[in-house]
Undergrad: 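Take this structure first; my questions come after.
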Amino acid sequence: MKPSMLKNATLGAGLAMSVALPTVAVADEINVVLFAMPYTQGLAKLEADFEAATGHTANIEVIGQDVFENRITLSFTGQTGDVDVVHTPVIQVQRWIEAGWLRPITAEVDGMATKDDILAGPLDAYLVNGDRWALPFFAETGMMAYRTDLLAAAGYDAPPATWDEMLEVAAAVKTDQVGALAMRVAPGQGFNMFVFPMIMRAYGGAFFTDYSGGDLTPNMNTPEALAGLEVYSQLMNDYGPEGIGNFNFGEVAASIQSGQVAMIVDGTSIAARALDPEQSQFADQISIAAVPSGPAGRSPAIAVHGLGIPADAPNPEASFAFIEWATSAETLTKIALSEPYPDFIRASVAENPEVVAKYEGIHPDFLNLKVEMLGDAIGHYRPLLPQWPEIGQIVGENINAAVNEIMSNEDALAQSDADIADIMSE
Amino acid sequence: MPRSKHSFSLKQAAGVAMMLAFAFFALLPIIWALVLSFRPTSHLFVPIWEAPTVLTLDNFSTLARSDFPFALFNSLVTAGASTALAMLIGVPAGFALAKGRSHRKFIASWLLLLLRMAPPVGFVIPLFLLYLNVGLIDTWAGLIAAYMVLTLPLVVWSSWTSMAQVPDELIEACLLDGATLFQTLTKVVIPAARPGIIATAVLAFLIAWNDFFFALIITRSDTVTAPVAIMNFVSYARVDWGSIALASVVLTVPTVPVIIFANKYIVQSMGGAVKG
Amino acid sequence: MGVQTLFQRSYNQMLMPAVLAVIIFAVLPLVGMFGLSFTDFNLIKGWGGEVGLHNFFKLADDRRFIASINVMLMLSVGGVIFQVVMGTLIAVGLEKIVPRWKFMRGIFVVPFVVPAIAVALIWLSLFTPTLSPINAFFDIFGITVPAFLTTQYGAIAAIVIADTWASFPFVMLLILAALQGISSDLDEAASIDGATKMQIFWRITLPLLKPALLMVALFRFIETLKHFPLIFVMTNGGPGRSTQATNYYAYIQTFQSSNVSYGAAIAVFLFLFAAIISFYVARANARISGA
């Protein structure tokens with residue numbers, strides 16, 4: 001039971017059109033809003049640890065991602081001041097900064113004794129306009145998981161190293177019962193737009209003419225991006241499991257866990273789930289490999305999530321105390337051991353013998369491969385722009401339409417260019 | 001019945017078959033949700049007939065440990081209170097519209113429908129901003145009031161149509177005995193229109209109980225309702241189908257006896273509305 | 001009538017609380033919605049001032065908006081047809097085919113109380129080929145059930161099916177009510193005259209049900225315009241934009257793209273559309289109940 005229930009009960013009883021009492025803030029109680037993933041679910045179980053460590057109490061709320069996005073946007077807009085620490089995905093951070101919703105934490109972060117223990121890539125992902133805006137707790141990259149038995153039966157001892165090989169292997173592995181490859185196809189910036197750029201960039205495609213050089217002319221309608229989209233469409237349509245056109249991460253994970261597909265290419269968390277014998281029926285037959293490469297190299301997906309402080313948070317010191325505790329080596333280690341959470345961002349955690357033993361137990365190469373993939377990933381895998389959530393939504397729709405053969409591949413790319421131009425010009 | 005035995009024909013058999021097919025369609029999703037509720041994660045994707053005995057109660061403990069029971073409690077309180085409140089102020093209004101003298105009844109009925117039909121996406125933002133200013137975000141009072149937007153037009157409309165059936169003579173007799181109008185309403189009109197009043201309350205409760213969108217926008221951690229809390233089982237890397245299915249069953253079960261008890265009243269009261 | 005005049009003030013007093021509540025909690029936000037539609041308010045960029053009818057001109061040029069109307073009409077018309085046909089068949093069946101099986105009515109009202117979000121999640125699982133028992137069942141016979149959610153019309157059909165499942169009981173209850181108002185003497189007279197049951201249904205029952213059918217169809221039509229949880233959970237508007245109905249598009253504009261004012265303009269359009277249809281509902285109702 002939550003403490004505020006009593007207040008609500010009194011209110012409810014005498015309600016009619018009554019106006020609620022202003023919320024009385026409990027001293028130093030930190031309200032944390034996170035969306036559901038293994039780390040956040042693990043963190044929510046450690047509320048007592050936080051109190052023991054700092055004397056503050058925390059109310060950690062873990063909600064569905066869809067619910068989170070709607071709710072947090074409105075809380076920020078309304079300056080409700082009811083959130084002390086917020087789940088801050090890198091993909092949203094530019095947008096939130098532009099809107100003035102986040103509080104910079106540059107001095108606090110730079111003053112941390114253990115700052116250098118945090119991997120530079122994820123840490124600097126939050127360095128925008130010269131300020132730091134959040135501390136990362138999660139850096140996920142792309143990975144392939146595959147069934148050794150099914151590939152061997154089709155005559156392959158090794159997983160495909162390139163997307164071209166993937167087409168060949170997929171054709172050989174696909175049967176009526178088992179699909180060859182599952183990836184996310186459902187439309188959305190965090191759904192198909194998390195995986196599709198792995199193929200598009202491998203073939204040399206990009207969202208803009210020269211993102212790094214500052215030329216933000218939409219440039220998806222190129223032969224390179226088209227080659228990537230054609231491979232993606234063909235892999236999904238010809239060699240994917242039944243219903244792939246609406247698959248999201250949940251279905252991708254489930255399909256390999258239940259033996260309905262021979263290979264997946266998705267995030268490291270999903271690959272870890274494929275290897276987990278408690279959830280995966282064929283865990284002992286599953287191995288992992290690098291994300292396939294293409295003519296333009298390899299471009300594993302990357303997603304970084306962190307904890308930030310809303311601009312209107314009433315007690316920023318206490319908020320930062322929470323963030324520091326939540327991203328500390330000790331806390332990350334605990335969660336890495338209790339949950340399927342290989343995406344920690346501290347070097348010392350990766351060296352912790354218990355953690356190493358756990359993930360080597362899942363697969364000997366898991367941690368090394370993850371580090372290798374992180375090394376190959378580019379920070380702006382998905383462009384770091386305030387407009388990205390909007391762009392990702394609409395391009396995701398176009399790409400999904402192409403894969404499901406509602407639009408041609410060419411039209412989908414041309415349309416995406418036009419849509420991005422519209423959004424950028426506003 | 002003038003019909004003889006041989007009338008049990010192929011056509012009747014086809015009719016019965018059609019009814020059974022519809023019953024199957026109506027029950028399949030419910031049965032499926034029950035099956036999923038008892039399946040362990042490892043066997044979610046194994047057809048139930050291949051391993052019918054692999055069942056678990058794990059989902060119950062997952063559900064019990066989550067925020068779902070708390071959210072269910074919030075749902076019951078807010079749906080219940082908003083129904084009670086909507087009845088309290090809606091039924092007298094329905095009575096006034098049914099029996100009072102007005103030249104604008106058609107406009108009133110259209111307006112009521114219109115409010116019932118307004119797209120929540122549009123006015124939920126203004127409602128949110130309004131609530132922000134008066135401190136109603138994440139309060140029971142706020143959610144109950146928001147549900148009045150949904151329930152009140154229905155209550156007024158529906159109690160209006162059922163009380164219109166009560167004969168004027170009955171009301172006039174009661175008034176001539178010296179009763180006030182309010183006494184007449186509670187002592188004579190409501191009992192006479194009982195099926196309609198019960199049906200109205202049930203429908204209003206279901207509408208509030210069903211709501212997802214309002215709760216999504218104007219609740220936070222303290223007053224989250226069950227339909228929103230279900231979505232928390234969709235987490236990154238894992239859709240917890242077992243808990244989702246169980247939560248859906250739990251969310252449905254309390255209202256099944258209500259609807260089975262009340263459906264004859266709904267039919268009676270709608271009868272009032274459609275036969276005239 | 002004299003009594004009524006005498007008590008008119010009391011009647012007005014009874015009406016007042018409801019009128020006030022409606023104004024505060026429904027009319028005010030609606031006014032706000034209209035107000036927002038004439039402004040430029042973006043959650044990220046903030047307040048951009050008043051822009052008059054700009055948002056509405058933009059709507060006229062917006063392909064996604066035009067396409068969304070098409071989707072909305074397919075979902076609504078499809079849904080209403082199936083719900084009304086199925087609800088009517090079941091109601092008539094309960095009365096004429098299996099009148100003694102009282103428990104059947106209990107079975108058919110159950111979907112009515114399943115909350116929309118649960119409906120969406122359960123049907124999503126039934127339409128996910130790797131999870132669905134329907135696919136697994138047909139696999140035994142080597143039949144591959146097509147994946148509904150990955151084709152344009154399949155996804156629309158899936159939403160229509162889920163909506164039909166959730167809403168046919170409403171139609172059924174209303175038609176049952178209307179059937180009980182139809183005297184069984186007519187049926188008997190007709191059957192003595194030698195009419196078959198089918199003839200009785202088509203020539204007598206159905207024409208008498210027409211007003212009720214019209215009302216329930218219009219009522220359901222407006223309800224289906226507000227589809228949200230089914231699309232939100234089952235398809236995210238996909239594949240492509242195949243199931244982005246107007247209401248869902250308003251949601252995307254408001255919450256995904258932060259264009260609150262533009263979202264409000266779309267909602268205003270929907271509201272006006274619903275207003276026209278509810279006018280006909282109110283008129284149909286006035287005719288039926290003779291008010």
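Letters A, B, ... are given to chains in the order of the sequence lines, protein chains preceding strands, and every chain is numbered from 1.
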Undergrad: How many angstroms lie between CG in Leu176(C) and CG in Asn263(B), if you round to the nearest 0.5 Å?
TA: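 Taking CG in Leu176(C) and CG in Asn263(B), the distance rounds to 8.0 Å.
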Undergrad: Below 4.5 Å from any heavy atom of chain C, which atoms of Ala245(B) appear? Answer side chain, backbone, both or neither.
TA: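 Answer is neither: Ala245(B) stays 4.5 Å or more from chain C.
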Undergrad: How far apart are the C-alpha atoms of Phe205(B) and Val113(C), what are their side-chain angles, what is the distance that settles it, and do they pass the side-chain contact (heavy atoms from CB on, under 4.5 Å) test?
TA: CA-CA 10 Å; Phe205(B) 181 84; Val113(C) 297; over 6 Å; no
Undergrad: Is it the backbone or the side chain of Leu36(B) that comes under 4.5 Å from a heavy atom of chain C, or both, or neither?
TA: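 The side chain, not the backbone.
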Undergrad: Which atoms of Ile161(C) come close to chain B, meaning under 4.5 Å heavy atom to heavy atom: side chain ones, backbone ones, both, or neither?
TA: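 Contact with chain B is through both the backbone and side chain of Ile161(C).
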Undergrad: With a cut-off of 6.0 Å (strictly less than), are more than 12 heavy atoms of other residues, nucleotides or ligands near CZ of Phe82(C)?
TA: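 Incorrect, the count does not exceed 12.
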Undergrad: Can you see which heavy atom on Lys226(C) is nearest to which on Pro120(B), and at what distance?
TA: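 Looking at all heavy atoms of both residues, the shortest contact is CD-CD, 3.8 Å.
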Undergrad: Are the side chains of Ile117(C) and Phe213(B) in contact, using a 4.5 Å heavy-atom criterion?
TA: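 SC-SC contact between Phe213(B) and Ile117(C) ruled out.
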Undergrad: Could you measure the distance from the CE atom of Met104(C) to the CZ atom of Phe22(B)? Nearest 0.5 Å is fine.
TA: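 Result: 10.5 Å between the selected atoms.
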Undergrad: Below 4.5 Å from any heavy atom of chain C, which atoms of Phe233(B) appear? Answer side chain, backbone, both or neither.
TA: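 No part of Phe233(B) comes within 4.5 Å of chain C.
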Undergrad: For residues Phe137(C) and Pro47(B), determine if any side-chain heavy atom of one lies less than 4.5 Å from a side-chain heavy atom of the other.
TA: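 The answer is no, as the side chains (C-beta and beyond) never meet within the 4.5 Å cut-off.
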Undergrad: Are side-chain heavy atoms of Leu28(B) and Ile134(C) found at a separation under 4.5 Å?
TA: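 Leu28(B) reaches Ile134(C) side chain to side chain.
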Undergrad: Would you mind telling me which of Ile230(B), Leu206(B), Leu181(B) has the largest number of heavy-atom pairs within less than 4.5 Å of chain C?
TA: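 Most pairs with chain C among the choices: Leu181(B).
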Undergrad: Between Leu88(B) and chain C, which part of the residue has a heavy atom less than 4.5 Å away: side chain, backbone, both or neither?
TA: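 Interface part for Leu88(B): neither.
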Undergrad: Would you say Phe255(C) and Ile125(B) make side-chain contact, with heavy atoms under 4.5 Å?
TA: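 The answer is yes; the side chains approach within 4.5 Å.
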Undergrad: Tell me, side chain or backbone of Ile207(B) under 4.5 Å from chain C's heavy atoms, or both, or neither?
TA: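 Nothing of Ile207(B), per the 4.5 Å heavy-atom cut-off to chain C.
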Undergrad: With sequence neighbours left out, what residues match Ser258(C) under side chain to side chain donor-acceptor pair (under 3.5 Å)?
TA: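 Side chain to side chain donor-acceptor pair (under 3.5 Å) list for Ser258(C), sorted by chain: Arg95(A).
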Undergrad: With a 4.5 Å limit on heavy-atom distance, are the side chains of Val114(C) and Thr255(B) in contact?
TA: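 When only atoms from C-beta onward are counted, Thr255(B) and Val114(C) do not touch, as no gap falls below 4.5 Å.
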Undergrad: Look at Glu50(B), Met18(B), Met19(B) and state which one has the largest set of heavy-atom pairs under 4.5 Å with chain C.
TA: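 Top option by heavy-atom pairs under 4.5 Å: Met19(B).
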Undergrad: Considering non-hydrogen atoms only, spot the tightest contact between Leu15(C) and Ala93(B) and give its length.
TA: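 Scanning both residues, the minimum pair turns out to be CD1-O, 3.4 Å.
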Undergrad: Less than 6.0 Å separating the ring centroids of Tyr11(C) and Phe95(B)?
TA: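 Centroid separation for Tyr11(C) and Phe95(B): below 6.0 Å.
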Undergrad: Contact part of Leu112(B) toward chain C, heavy-atom cut-off under 4.5 Å: side chain, backbone, both or neither?
TA: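 Neither part.
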Undergrad: Provide the closest heavy-atom pair for Phe182(B) versus Met14(C) in the form atom of the first, atom of the second, distance.
TA: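 Residues Phe182(B) and Met14(C), closest heavy atoms: CA-CE, 3.6 Å.
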Undergrad: Give me the ring orientation class for Phe212(B) and Phe232(C): parallel if the planes are under 30° apart, tilted from 30 to 60°, perpendicular past 60°.
TA: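 Plane angle between 30° and 60°, so tilted.
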Undergrad: Does Trp241(B) form a side-chain hydrogen bond (donor to acceptor under 3.5 Å, both in side chains) with Ser125(C)? I'd like the steps, not just the answer.
TA: CA-CA 8 Å; Trp241(B) 283 114; Ser125(C) 73; over 6 Å; no
Undergrad: Is the number of heavy atoms from other residues, nucleotides or ligands within 6.0 Å of CZ (Phe34(C)) greater than 12?
TA: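 More than 12 heavy atoms, drawn from other residues, nucleotides or ligands, come within 6.0 Å of this atom.
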Undergrad: Could you check which of Ala86(B), Ala26(B), Ser248(B) has the highest count of heavy-atom pairs closer than 4.5 Å to chain C?
TA: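 Most pairs with chain C among the choices: Ala26(B).
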Undergrad: Decide yes or no on side-chain contact (heavy atoms from CB on, under 4.5 Å) for Phe112(C) and Val256(B), but give the supporting numbers first.
TA: CA-CA 9 Å; Phe112(C) 193 48; Val256(B) 169; over 6 Å; no
Undergrad: Of the non-hydrogen atoms in Phe25(C) and Leu127(B), which two are nearest, and what is the gap between them?
TA: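 Closest heavy-atom pair between Phe25(C) and Leu127(B): O-CD1, 4.0 Å.
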Undergrad: Might you point out which heavy atoms bring Asn210(B) and Pro115(C) nearest each other, and give the distance in Å?
TA: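 Nearest pair, atom of Asn210(B) first, then Pro115(C): OD1-CA, 2.7 Å.
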Undergrad: Relative to the ring of Trp123(C), is the ring of Phe25(B) parallel (under 30°), tilted (30 to 60°) or perpendicular (over 60°)?
TA: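 Ring orientation of Phe25(B) relative to Trp123(C): tilted.
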Undergrad: Side chain from CB out, backbone as N, CA, C, O: work out which of these in Leu114(B) comes under 4.5 Å of a heavy atom of chain C, or both, or neither.
TA: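 For Leu114(B), the contact with chain C is made by backbone and side chain together.
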Undergrad: At a 4.5 Å cut-off on heavy atoms, which part of Val260(C) comes close to chain B: side chain, backbone, both, or neither?
TA: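 The side chain, not the backbone.
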Undergrad: To check you understand the geometry: which heavy-atom pair defines the closest contact between Trp101(C) and Leu20(B), and what is its length?
TA: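 Heavy atoms only, the tightest pair is CZ3-CD2, 4.2 Å.
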Undergrad: Between Leu152(B) and chain C, with a heavy-atom cut-off of 4.5 Å, which part of the residue counts as in contact: side chain, backbone, both or neither?
TA: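 Just the side chain, heavy atoms under 4.5 Å.
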Undergrad: Drop me the distance from Leu28(C)'s CG to Leu129(B)'s CG, to the nearest 0.5 angstrom.
TA: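 So the CG of Leu28(C) and the CG of Leu129(B) are separated by 12.5 Å.
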Undergrad: Would you check if Val22(C) and Val149(B) make a side-chain contact, meaning some heavy-atom pair closer than 4.5 Å?
TA: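 The answer is no; the side chains never approach within 4.5 Å.
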Undergrad: Tell me, for Phe228(C) versus chain B, whether the close heavy atoms (under 4.5 Å) come from the side chain, the backbone, both or neither.
TA: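 Side chain of Phe228(C) only, per the 4.5 Å heavy-atom cut-off to chain B.
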